Novice: 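Pasting in a structure now, in structure tokens, and then I'll have a few things to ask.
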Amino acid sequence: MRALLFMVAGVFAIGCGGQVSEEESNKAAEGGLSLTRVSDTEVVGTFTTLDGEVSFSSVLVSEDVVDVKLDRGDRVLSSHVDWSKFENDLSITGTGAAVVTAEDRRILQALTVAVEEEIGESTRVSDNLVRQSNLWGSHPEGPLAIRHITADEARGWTTLCNGTSYRNFAHDGGGHALQSEYLKYGPAETTNPCRARCGPGCYAVGTSAWTVDCGAHDRCEQHHGSTACSDEFSSASDDYTFAGNCNY
């Protein structure tokens, strides 16, 4: 698989909530994606931006279990995803502080798009790499917000696959009054066409999940920034990990 010099366009360099400033997104404006191993059971490589580098791996441990590791040098952000149980265990290990930084978020959001552009989500390992780099890229700045995710496949999320409609998105942002806003979401919404997509950007090559909880998380970050939206992130974490992809 060829190494890819990936130029991150402005809309892809920011999260779907649109909270990252233009100045911040420019720091991740150039990235090099190098894939060293790609198969149905393993994806391994590195991704470099002006913010720094991440080494990544997504390995099929068994038929329904995938381990994703995102190595930032001093810390490894890990996801152990079990699709048979709809569970995901998250951890941060290493010599650095066990936190997610603004730089981590920018790099991992850009990585999500680069991997999706280059190899898509057609295998279990590539799909989980996209999902988990996106999950960690959406994690609030600061300490680990959630260690264990358990999803209810039947009731865990409300899918929004038409992508061109209106609905209420409610959030509290942590410590302030509940807000419920009737907003348009999806590619037809010109103000924020990324809203409710469980992933960065709006028009990436592959498929992606669009859900109510991801929309609420997006709207919270638009108002209050990532650090105030841990509750919304926790509610959306099972959507990022397990919600079915929409074709659009």
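Since we're looking at a predicted model, the values are computed, not measured. Throughout, residue positions are numbered sequentially from 1 according to the sequence presented.
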Novice: Is there a side-chain contact between D104 and W136, using heavy atoms and a 4.5 Å cut-off?
Specialist: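 They are not in side-chain contact.
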Novice: Would you sort out whether I149 and F86 count as a side-chain contact (heavy atoms from CB on, under 4.5 Å), showing the intermediate values?
Specialist: CA-CA 8 Å; I149 298 166; F86 281 86; over 6 Å; no
Novice: So do the side chains of K69 and F56 get within less than 4.5 Å of each other, counting heavy atoms only?
Specialist: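 A side-chain contact is absent here, since even the closest heavy-atom pair is not under 4.5 Å.
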Novice: Any idea which heavy atoms bring S58 and V68 closest together, and the distance?
Specialist: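 In this case the closest contact between S58 and V68 is OG-CG2, 3.7 Å.
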Novice: Do V100 and L144 share a hydrophobic cluster (ILVMFWY, side-chain heavy atoms under 4.5 Å, transitive)?
Specialist: yes
Novice: Give a yes or no on whether the backbone of S234 and the side-chain of S237 come within a donor-acceptor separation of less than 3.5 Å.
Specialist: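 Between the backbone of S234 and the side chain of S237 there is a qualifying donor-acceptor contact (under 3.5 Å).
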Novice: Ignoring hydrogens and angles, state whether a donor on the side chain of D213 or T211 is under 3.5 Å from an acceptor on the partner side chain.
Specialist: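 D213 vs T211: no donor-acceptor pair found between side chains.
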Novice: Is there a side-chain contact between R124 and W83, using heavy atoms and a 4.5 Å cut-off?
Specialist: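 Of all side-chain heavy-atom pairs linking W83 with R124, at least one is under 4.5 Å.
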Novice: Which distance, rounded to the nearest 0.5 Å, do you find between the CD of E103 and the CG of L50?
Specialist: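 Between atom CD of E103 and atom CG of L50 there are 12.0 Å.
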Novice: Taking the side chain from R72 and the backbone from V54, do they hold a donor-acceptor pair closer than 3.5 Å?
Specialist: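 Not at all, since once roles are kept as given, no pair shorter than 3.5 Å links the two residues.
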Novice: From D218 CG over to C198 SG, what is the distance, rounded to the nearest 0.5 angstrom?
Specialist: 8.0 Å
Novice: Considering non-hydrogen atoms only, spot the tightest contact between D239 and R131 and give its length.
Specialist: O-NH1, 4.0 Å
Novice: Could you tell me if the side chain of V113 sits less than 4.5 Å from the side chain of Q109, heavy atoms only?
Specialist: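 Side chain of Q109 against side chain of V113, heavy atoms only: no contact under 4.5 Å found.
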Novice: Return the OG1 to CG distance between T241 and N128, rounded to the nearest 0.5 Å.
Specialist: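 Reported value, rounded in 0.5 Å steps: 8.5 Å.
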Novice: Give a yes-or-no answer on whether the side chains of S133 and T112 include a donor-acceptor pair shorter than 3.5 Å.
Specialist: yes
Novice: Would F47 and I107 count as a side-chain contact (heavy atoms from CB on, under 4.5 Å) if you check the C-alpha gap in whole Å, the side-chain angles of each, and the deciding distance to 0.1 Å?
Specialist: CA-CA 8 Å; F47 183 65; I107 291 170; 4.3 Å; yes
Novice: Have H80 and S78 got a donor and an acceptor in their side chains that come within less than 3.5 Å?
Specialist: no
Novice: How long is the span from the CZ atom in R105 to the CD atom in E141, to the nearest 0.5 Å?
Specialist: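 If I round to the nearest 0.5 Å, the distance is 6.0 Å.
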Novice: Quiz question: by atom type and distance under 3.5 Å, do the side chains of T123 and S126 form a donor-acceptor pair?
Specialist: yes
Novice: To check you understand the geometry: which heavy-atom pair defines the closest contact between T46 and S55, and what is its length?
Specialist: CG2-OG, 3.5 Å
Novice: Could you tell me whether the side chain of L135 reaches within less than 4.5 Å of the side chain of F233, counting heavy atoms only?
Specialist: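 Yes, their side chains come closer than 4.5 Å.
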Novice: Cluster question for you: counting only ILVMFWY and a side-chain heavy-atom cut-off of under 4.5 Å, with indirect links fine, are L77 and V65 together?
Specialist: no
Novice: Under the criterion side-chain contact (heavy atoms from CB on, under 4.5 Å), I'd like the reasoning laid out for D127 against V130: C-alpha separation, chi angles, the key distance, then a yes or no.
Specialist: CA-CA 5 Å; D127 180 62; V130 168; 5.6 Å; no
Novice: Could you check if a side-chain atom of L35 sits within less than 4.5 angstrom of a side-chain atom of V44, using non-hydrogen atoms only?
Specialist: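 No; the side chains remain at least 4.5 Å from each other.
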Novice: Any side-chain donor-acceptor pair under 3.5 Å between T48 and E53?
Specialist: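 On atom types as modelled, these side chains qualify, holding a pair under 3.5 Å.
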Novice: Please check if any side-chain donor atom of T93 sits under 3.5 Å from a side-chain acceptor atom of S91, or the reverse.
Specialist: no
Novice: Between N134 and S138, is the side-chain contact (heavy atoms from CB on, under 4.5 Å) condition met? List the steps.
Specialist: CA-CA 6 Å; N134 175 48; S138 301; 3.6 Å; yes
Novice: So do I146 and L90 actually touch side chain to side chain, heavy atoms under 4.5 Å?
Specialist: yes
Novice: For Q132 and N88: C-alpha separation, side-chain torsions, deciding distance, then whether side-chain hydrogen bond (donor to acceptor under 3.5 Å, both in side chains) applies.
Specialist: CA-CA 10 Å; Q132 295 309 306; N88 184 9; 3.1 Å; yes
Novice: Are D40 and L60 packed together at the side-chain level, in the sense that at least one heavy-atom pair is separated by less than 4.5 angstrom?
Specialist: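 No; the side chains remain at least 4.5 Å from each other.
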Novice: Ignoring hydrogens and angles, tell me if any N or O in the side chain of R75 forms a donor-acceptor pair with the backbone of I92 under 3.5 Å.
Specialist: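 Answer holds: no.
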Novice: Please test T49 against D51 for side-chain hydrogen bond (donor to acceptor under 3.5 Å, both in side chains), starting from the C-alpha separation and ending with a verdict.
Specialist: CA-CA 5 Å; T49 77; D51 269 316; 4.5 Å; no
Novice: Is there a continuous path of hydrophobic side-chain contacts, each under 4.5 Å between heavy atoms, that joins V125 to V38?
Specialist: yes
Novice: Check the angle between the aromatic planes of Y240 and H217 and answer parallel, tilted or perpendicular using the 30° and 60° thresholds.
Specialist: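 Perpendicular, since the angle between the ring planes exceeds 60°.
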